[in-house]
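Only one structure is covered here, and it is reproduced in the block below.
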Amino acid sequence: MPSVNTTLSYTPGGADDPSNPFHYMPSMPPAVVSLILFIFLFIALTVWVISKRTWYMIALLVGCVMEIIGYGTRLPLISQPVGQIPLYACMHACLILAPVFNAAIEYVLFGRLVHALGDHYSLIKPKLVAWIFIICDAFSLLIQSSGAGLLTAAKNDLEKARTGENILLA
């Protein structure tokens, strides 16, 4: 049998480049639209939180800022994703961790809604609902932060970056 010399071919910096952390080529328009929407949302929420004095909604503002940072750091990665592991780690961590803050507000609002409708309709006391979910979210945040830390510390080590990414997604 003749020996076949097979070489893998790929476009340097392209979607099939093994050092491309995205494993695809990200698109500019969705990133720009998302960034603009979150900036407008942040401005509107800031005005609303200050005018209504709903200080418990600050967690939602923190989540919004993290989304803005995430999509803002995604923009330079679109043109050159290869060799940008720290920037990719920042983007990935912000976009993965931001929903934790959004979920915390949902739990607080759910507890308030149950209390407003009647405590007797809930199996769990409304004051405990928010605390139970927030403690679970804090635990999840710690796990995700450790993955983000590992991803950030990976620098240009693709294997460590993938491990950190897997922890983030878990």
Side-chain angles (χ1 to χ4, degrees), residues 21-24 26 30-31 33-77 81 84-170:
F22 286 106
H23 309 296
Y24 66 93
V33 168
S34 298
L35 179 63
I36 291 169
L37 287 175
F38 275 106
I39 288 171
F40 284 137
L41 182 63
F42 175 76
I43 293 167
L45 281 172
T46 302
V47 169
W48 186 73
V49 165
I50 292 171
S51 68
K52 300 292 184 184
R53 299 186 192 279
T54 53
W55 307 119
Y56 60 90
M57 296 294 269
I58 288 177
L60 195 57
L61 290 174
V62 170
C64 219
V65 167
M66 289 182 76
E67 294 281 1
I68 291 168
I69 293 169
Y71 286 111
T73 55
R74 187 180 181 93
L75 295 179
L77 288 169
Q84 304 269 354
I85 295 295
L87 198 56
Y88 173 78
C90 175
M91 179 215 62
H92 205 276
C94 285
L95 293 178
I96 293 289
L97 296 175
V100 172
F101 294 97
N102 302 341
I105 292 304
E106 291 173 15
Y107 306 142
V108 169
L109 292 176
F110 177 73
R112 288 172 178 243
L113 180 66
V114 169
H115 183 68
L117 293 175
D119 295 351
H120 59 281
Y121 290 115
S122 178
L123 297 173
I124 303 170
K125 292 180 183 179
K127 288 183 180 181
L128 293 178
V129 169
W131 284 108
I132 290 169
F133 286 113
I134 288 173
I135 288 170
C136 291
D137 255 1
F139 182 68
S140 172
L141 180 68
L142 289 174
I143 291 171
Q144 290 176 332
S145 296
S146 67
L150 188 58
L151 185 60
T152 304
K155 300 276 185 213
N156 291 324
D157 186 357
L158 213 53
E159 189 59 36
K160 281 185 183 177
R162 285 200 177 112
T163 303
E165 188 177 73
N166 289 337
I167 291 171
L168 262 171
L169 293 175

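- In this structure, CG on Leu95 lies 6.5 Å from OG1 on Thr73, to the nearest 0.5 angstrom.
- Each ring pair (Phe, Tyr, Trp, His ring centres under 6.0 Å) pair with one or both residues in residues 94-131, not counting sequence neighbours, appears once here: Tyr107-Phe133.
- Contact between Leu77 and Tyr88 at its shortest, heavy atoms only, is CD1-CA, 3.6 Å.
- Between atom CG of residue Leu61 and atom CD1 of residue Ile43 there is a gap of 11.5 Å, rounded to the nearest 0.5 Å.
- In terms of the side-chain contact (heavy atoms from CB on, under 4.5 Å) criterion, residue partners of Ser34 (sequence neighbours excluded) are, by chain and number, Tyr71.
- When side chains are defined from C-beta on, Ile39 does not count as touching Phe42, because their heavy atoms never get closer than 4.5 Å.
- Atom CG of Leu60 is separated from atom CD of Glu106 by 9.0 Å, given to the nearest 0.5 angstrom.
- Taking CG from Leu45 and CD1 from Ile58, the interatomic distance works out to 11.5 Å, rounded to the nearest 0.5 Å.
- For the residue pair Arg74 and Ala31, the shortest heavy atom distance occurs at CD-CB, 4.0 Å.
- Closest heavy-atom contact between Ser146 and Ile167: OG-CG2, 3.9 Å.
- Under the 3.5 Å distance criterion, the side-chain polar atoms of Ser140 are left unmatched by any main-chain donor or acceptor of Cys136.
- When all heavy atoms of Glu67 and Ala98 are compared, the closest pair comes out as OE2-CB, 3.5 Å.
- The 12-atom threshold is exceeded at OH of Tyr56, counting heavy atoms of other residues, nucleotides or ligands nearer than 6.0 Å.
- The CG atom of Leu41 sits 9.0 Å away from atom OG1 of Thr46, with the distance rounded to the nearest 0.5 Å.
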